[in-house]
Amino acid sequence: MDQISNQIKEATHILLASHSDPDGDAVSSLLALGLAIGKLGQKTTIYNASPIPAVYRFLPSVERIVRHIKKANTYDVALILDCGDLPRIGEASTTVSRIPMVINIDHHISNTGFGDIQLIDPMACSTAEIVYRLIKALDVPIDKAIATSLYTGILTDTGSFRFSSTNQAAFAISREMAELGVEPHNVARHVYGTYSLGRIKLLNLALDSIEISDNGKLSIMTVTDAMFEETGTNSEDVDGMINYARRIEDVKVAALIQEQKNGKTNSDSHGRYHVSLRSDGSVDVATIAGSFGGGGHSSAAGFQVETTLTKLKSDIITLAQNL
Ligand code: 5GP
Ligand code: MN
């Protein structure tokens, strides 16, 4: 922690980045740490490869997140947040790997340990929790803007304090953030409050796509490019939908197959797919995701593959035999 604080304080230009297709934790830890380091008077660039999902656009200073970075020699320190591996940040990963000091701050058990310094705590409820500790170590006072981000990261990554990742720190930090002026109802209104009509229609199609293994222990939900087109939605609108597949009685593992842009809709041709996995807590899906080249946490993990939809579904259904 001290080593990282010193690197931050002595840097000339710091790049902060989190994973593409960001979730609440990825956006929030990026902004909270970016704002805190800015308060130290340090020059920062706050980067994410993807558009920020509409539900997180209320976060203070969200407009400071840029989608492109300059040459590697522009920066002397890179802080990589909420990424199990460096390629998770997307396009910029090659450039980032050339920055002299890459610091890996994360809570994924499957973290590859990339970078020059690692601050990885799989027991942390969110990367936001680790960022909170780092901000304390930097001795930066937490204002309402930083507090709003930290609270949002914790709220979303613990599934509103429901997932097994929910720990005492989640409540302790949230309480402190509420004391600093964060209004939980206001954050909840933005994060969970209103959905576009397209998102509701996409949910309808996604629910209709659910298939269950013969033994009833595994469910698969599929979201295709055609569904996005039909409903005028995109990948950010899928966030959270897998929970419907996971909540089905007797289901131990749920998989959500999401066709990636430029994928093909014909199930017999190759396409790129992202697969999210969730378990009821009795199965370690990080290991399953790992066997497909991905990673994550024991009850929430994912991977990407290039294959046909038919083959992918049959590979996933096969997993049910071992449940
Ligand atoms: P989600 O299903 O919400 O995309 O991700 C669930 C968890 O799995 C997250 O903690 C995320 O970081 C991890 N994860 C998802 N996709 C991948 C992937 O392609 N590679 C790795 N290493 N982790 C992933
Ligand atoms: Mn996270």
Side-chain angles (χ1 to χ4, degrees), residues 17-33 48-50 53 55-56 80-90 93 104-114 119-132 149-159 163-167 169-170 173 206 220-223 234-246 253-260 272-279 283-307 312 316:
S18 60
H19 62 80
S20 56
D21 288 326
D23 57 9
D25 195 26
V27 181
S28 301
S29 18
L30 188 63
L31 283 171
L33 191 55
N48 193 286
S50 308
V55 293
Y56 304 122
I80 310 301
L81 299 158
D82 204 39
C83 292
D85 54 50
L86 191 56
R88 292 271 293 150
I89 64 173
S93 62
N104 169 357
I105 301 174
D106 187 33
H107 69 131
H108 292 101
I109 191 144
S110 60
N111 192 292
T112 57
F114 68 86
L119 178 57
I120 298 160
D121 180 1
M123 300 305 285
C125 69
S126 54
T127 299
E129 177 185 336
I130 308 174
V131 165
Y132 165 88
S149 271
L150 290 174
Y151 177 81
T152 302
I154 291 170
L155 177 75
T156 55
D157 238 34
T158 58
F163 297 162
S164 55
S165 54
T166 310
N167 56 11
I173 300 168
I220 303 181
M221 180 185 258
T222 309
V223 176
N234 58 52
S235 62
E236 73 179 72
D237 295 300
V238 178
D239 200 30
M241 281 188 192
I242 190 173
N243 293 318
Y244 288 99
R246 197 197 58 77
V253 171
L256 174 103
I257 301 175
Q258 200 184 313
E259 191 174 10
Q260 304 290 281
R272 274 182 69 76
Y273 299 92
H274 181 266
V275 179
S276 293
L277 297 173
R278 297 290 184 274
S279 87
V283 180
D284 175 12
V285 288
T287 307
I288 298 177
S291 70
F292 287 91
H297 311 284
S298 64
S299 50
F303 62 91
Q304 311 227 25
V305 278
E306 210 166 310
T307 181
L312 180 56
I316 294 171

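Start at 1 and go down the list; that is how both ligands and their atoms are numbered. In this chain, residues are counted from 1 in sequence order.
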Would you give the length of the straight line joining atom [atom1] of [X] to atom [atom2] of [Y], rounded to the nearest 0.5 angstrom?
| X | Y | atom1 | atom2 | answer |
| --- | --- | --- | --- | --- |
| Ile80 | Asn104 | CD1 | CG | 8.0 Å |
| Asn111 | Leu86 | CG | CG | 10.0 Å |
| Thr307 | Tyr273 | OG1 | OH | 8.0 Å |

Any Ala300 heavy atom less than 4.0 Å to ligand 1: yes
Using non-hydrogen atoms of the residue, decide whether Arg88 is closer than 4.0 angstrom to ligand 1.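 Contact check Arg88 vs ligand 1: positive.
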The OD2(Asp25)-the Mn ion (ligand 2)-OD1(Asp82) angle, to 10°, is 90°
Within rounding of 10°, what is the angle whose vertex is the Mn ion (ligand 2) and whose arms end at OD2 of Asp157 and NE2 of His107?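 About 80°, to the nearest ten degrees.
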Closer than 4.0 Å to some heavy atom of [X] - which atoms of ligand 1 meet that?
| X | value |
| --- | --- |
| Gly296 | 8 (O), 13 (C) |
| Gln304 | 19 (O) |
| Asp85 | 22 (N) |

Atom CD1 of residue position Ile109 - does it have more than 12 heavy atoms of other residues, nucleotides or ligands inside 6.0 Å? no
Output yes when the distance from some N or O of ligand 1 to some N or O of [X] is under 3.5 Å, and no in every other case.
| X | result |
| --- | --- |
| Ser276 | yes |
| Arg278 | yes |
| Val275 | no |

Verify the distance criterion only: is there a donor paired with an acceptor across the side chains of His274 and Asp21 at less than 3.5 Å?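 No pair is found: no donor N or O on one side chain lies under 3.5 Å from an acceptor on the other.
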